[in-house]
Peer 1: 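Input: one structure, supplied below.
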Amino acid sequence: MPHNGCPGERRDHEKGTRSRMRIAMISAHTSPLAPLGGRETGGMNVYVLELSRELARLGYDVDIFTRRDGDLPAVEEVAPRLRLIRIAAGPPEPIEKEEIVHYLPEFQRNMRRWFGTQPRPYDIVHSHYWQSGWSGTLLAREFRLPHVVMFHTLGEVKNRARFGEEEPKLRIRHERTITRRATAIVTASDHERQLLELYYGGDLERMHSVPCGIDLDLFFPRDTDEARERISIPGDAPLILWVGRLEKLKGVEILVDAAAQLERRDFRLLVVGGDERAAGLRDELEAQARAAGIAPNVEFRPAVPHSELPWFYSAADVCVVPSYYESFGLVAVEAMACGTPVVASRVGGLISTVTDGVTGYLIPWRCPEPFAEKLEVLLGNPELRANFSAAARRSVERFRWSTVGLRIADVYDAAIERHRRSEGADALARPFGKEAWESAIIARG
Ligand code: UDP
């Protein structure tokens with residue numbers, strides 16, 4: 001869709017004026033500036049920060065709103081035209097994601113107050129994850145703004161992935177209402193778009209499939225020997241890598257089992273990610289590796305800074321993503337950007353980022369045997385690996401942030417237009433059931 005002038009520019013045709021568009025980006029439960037690789041800090045944090053940076057570069061004024069979880073300034077300048085606003089809601093300290101729901105009404109009230117005191121109104125509310133979507137829906141309605149939502153994960157989809165944890169009904173109910181009321185929804189893949197239609201009755205017309213972006217100036221292939229030295233992996237043993245938030249949904253136990261089935265015993269398996277809250281799962285995985293007789297081959301390392309990860313991907317022969325579900329799966333794309341082939345579950349966004357037999361392998365079953373088989377093929381065949389590596393790097397150009405940012409700008413244009421044409425009037429006329437919706441969240445504090 002062509003832009004009306006530059007992206008980020010608002011034109012008032014009646015007054016003949018131009019100004020920058022203001023975006024209220026909401027990331028209620030987790031700060032985009034938090035260290036990555038913890039239990040709640042992964043792909044979404046990277047996405048919100050990098051997208052906001054790109055939009056600010058394009059000319060938008062972006063404010064990211066997050067719950068205040070420490071003794072940090074209420075307003076922080078992150079980059080030119082980009083600020084982080086910390087909103088008081090509940091204790092100013094980290095709390096479990098599941099607990100945050102009780103402080104959403106306070107978050108919402110304080111956001112409303114902030115909106116009400118702005119000299120220049122926002123043009124769009126863009127929320128991330130259902131908790132922000134809850135606040136975003138109310139704010140957008142009250143201030144008559146278009147509301148763009150990205151869910152990142154969906155309760156219903158997680159429950160159907162059957163990895164043994166149940167998402168609360170409240171979440172699913174709210175996701176359904178947010179879907180119905182949003183002006184536009186960004187999905188990370190066509191697959192997610194279909195799921196939103198299937199499980200939540202989402203209107204395909206309002207859903208825009210835009211992949212996540214990657215910093216291709218950070219994620220590029222480095223010299224393998226230098227990379228191994230840098231991450232302190234001596235020797236040239238085949239290196240299998242896993243990276244991410246260490247949680248059950250990621251299926252790391254499938255990888256440990258697959259590694260145990262390899263005929264060769266000269267490999268190293270490096271598992272990177274997780275903080276102290278992942279200690280229980282790490283203990284389980286260590287016990288599993290011991291029981292399978294591969295403990296000496298397996299090493300667990302806590303989360304590393306994002307900027308160090310290119311060295312890890314470049315040092316590895318293969319990166320494995322055995323998740324039960326991934327709405328996008330940034331790690332797979334980052335690995336491919338560093339020229340590392342990927343063996344991944346055939347789920348969610350991975351279906352559209354990894355090309356089976358070209359940039360890696362996609363495994364349709366959540367069991368170790370097929371993972372072991374493909375690992376054996378790749379580790380035993382340097383020429384195949386080199387071909388995959390070159391194809392992998394070539395395949396990631398479409399995830400460059402400058403491309404993705406413009407596509408999100410198109411979504412904003414479409415949302416503003418849709419809101420102007422019909423939604424504004426319709427939404428206000430339609431009964432909203434605001435009280436029922438608000439009281440479904442049990443306020444605390
Ligand atoms: N990550 C990181 N350091 C770590 C582990 C993970 O910077 O130690 C980053 C990783 O680079 C990726 C993100 O966390 O950008 C994980 O995103 P992904 O989409 O793979 O998974 P999600 O967290 O969304 O489930």
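Worth knowing before you read on, the calculation uses all heavy atoms, side chains too, and leaves out hydrogens, waters and symmetry mates. Note that ligands are numbered from 1 as they come in the structure, with each ligand's atoms numbered from 1 the same way. Because the structure is a prediction, the values reported are computed rather than measured.
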Peer 1: Do Arg366 side-chain atoms and Gly251 backbone N/O form a donor-acceptor pair below 3.5 Å?
Peer 2: no

Peer 1: Identify, for atom 14 (O) of ligand 1, the protein heavy atom at the shortest distance, and state residue, atom and that distance.
Peer 2: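 Ranking protein heavy atoms by distance from atom 14 (O) of ligand 1, first comes Gly42 CA, 3.6 Å.
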
Peer 1: Evaluate the ring planes of His29 and Tyr129, with Trp represented by its six-membered ring, and classify them as parallel (under 30°), tilted (30 to 60°) or perpendicular (over 60°).
Peer 2: tilted

Peer 1: Only heavy atoms of Gly329, strictly under 4.0 Å: list the atoms of ligand 1 that pass.
Peer 2: 19 (O), 20 (O)

Peer 1: Check the side chains of Tyr200 and Glu156 for a donor-acceptor pair under 3.5 angstrom, ignoring hydrogens and angles.
Peer 2: no

Peer 1: By number and element, which atoms of ligand 1 are closer than 4.0 Å to a non-hydrogen atom of Ala303?
Peer 2: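 Counting atoms of ligand 1 from 1, those under 4.0 Å from Ala303 are 8 (O).
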
Peer 1: Say whether Tyr122 and Trp114, considering side chains only, have a donor N or O and an acceptor N or O under 3.5 Å apart.
Peer 2: yes

Peer 1: Within the distance-only criterion (no hydrogens, no angle test), does the side chain of Thr66 pair as donor or acceptor with the backbone N or O of Ser27 below 3.5 angstrom?
Peer 2: yes

Peer 1: Judged by modelled atom types alone, do Glu326 and Ser323 share a side-chain donor-acceptor pair under 3.5 Å?
Peer 2: yes

Peer 1: In terms of atom number and element, which parts of ligand 1 are under 4.0 angstrom from non-hydrogen atoms of Glu334?
Peer 2: 10 (C), 11 (O), 12 (C), 15 (O)

Peer 1: Tell me whether Lys250 reaches ligand 1 (any heavy atom closer than 4.0 angstrom to a ligand atom).
Peer 2: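 It does; at least one heavy atom falls under 4.0 Å.
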
Peer 1: At less than 4.0 angstrom from any non-hydrogen atom of Leu309, what atoms of ligand 1 do you find?
Peer 2: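 The atoms of ligand 1 under 4.0 Å from a heavy atom of Leu309 are 1 (N), 2 (C), 3 (N), 7 (O), 10 (C), 11 (O).
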
Peer 1: Just jot down the ligand 1 atoms closer than 4.0 angstrom to any heavy atom of Val46, in number order.
Peer 2: 15 (O)

Peer 1: Among Ala335, Gly43, Gly273, Ser323, which one puts a heavy atom closest to atom 13 (C) of ligand 1?
Peer 2: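 Of the listed residues, Gly43 has the closest heavy atom.
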
Peer 1: Give me the residue, atom name and distance of the protein heavy atom closest to atom 9 (C) of ligand 1.
Peer 2: His306 ND1, 3.9 Å

Peer 1: Could you check whether the rings of Tyr60 and Tyr412 sit parallel, tilted or perpendicular, using 30° and 60° as the cut-offs?
Peer 2: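 Tyr60 vs Tyr412 ring planes: perpendicular.
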
Peer 1: Between Thr153 and Arg171, does any side-chain donor sit less than 3.5 Å from a side-chain acceptor?
Peer 2: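 A pair is found: one side chain offers a donor N or O, the other an acceptor, under 3.5 Å apart.
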
Peer 1: Going by the atom numbers of ligand 1, which of them fall below 4.0 Å from some non-hydrogen atom of Val243?
Peer 2: 5 (C), 6 (C)

Peer 1: Measure the acute angle between the ring planes of His152 and His128, then classify it against the limits of 30° and 60° as parallel, tilted or perpendicular.
Peer 2: tilted

Peer 1: Consider every N or O of Arg245 and every N or O of ligand 1, then say whether any pair is closer than 3.5 Å.
Peer 2: yes

Peer 1: May I ask which of Val304, Leu330, Val331 has a heavy atom nearer to atom 8 (O) of ligand 1 than the others do?
Peer 2: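 That would be Val304.
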
Peer 1: Short list, please: which atoms of ligand 1 are under 4.0 Å from a heavy atom of Leu36?
Peer 2: 2 (C), 7 (O)

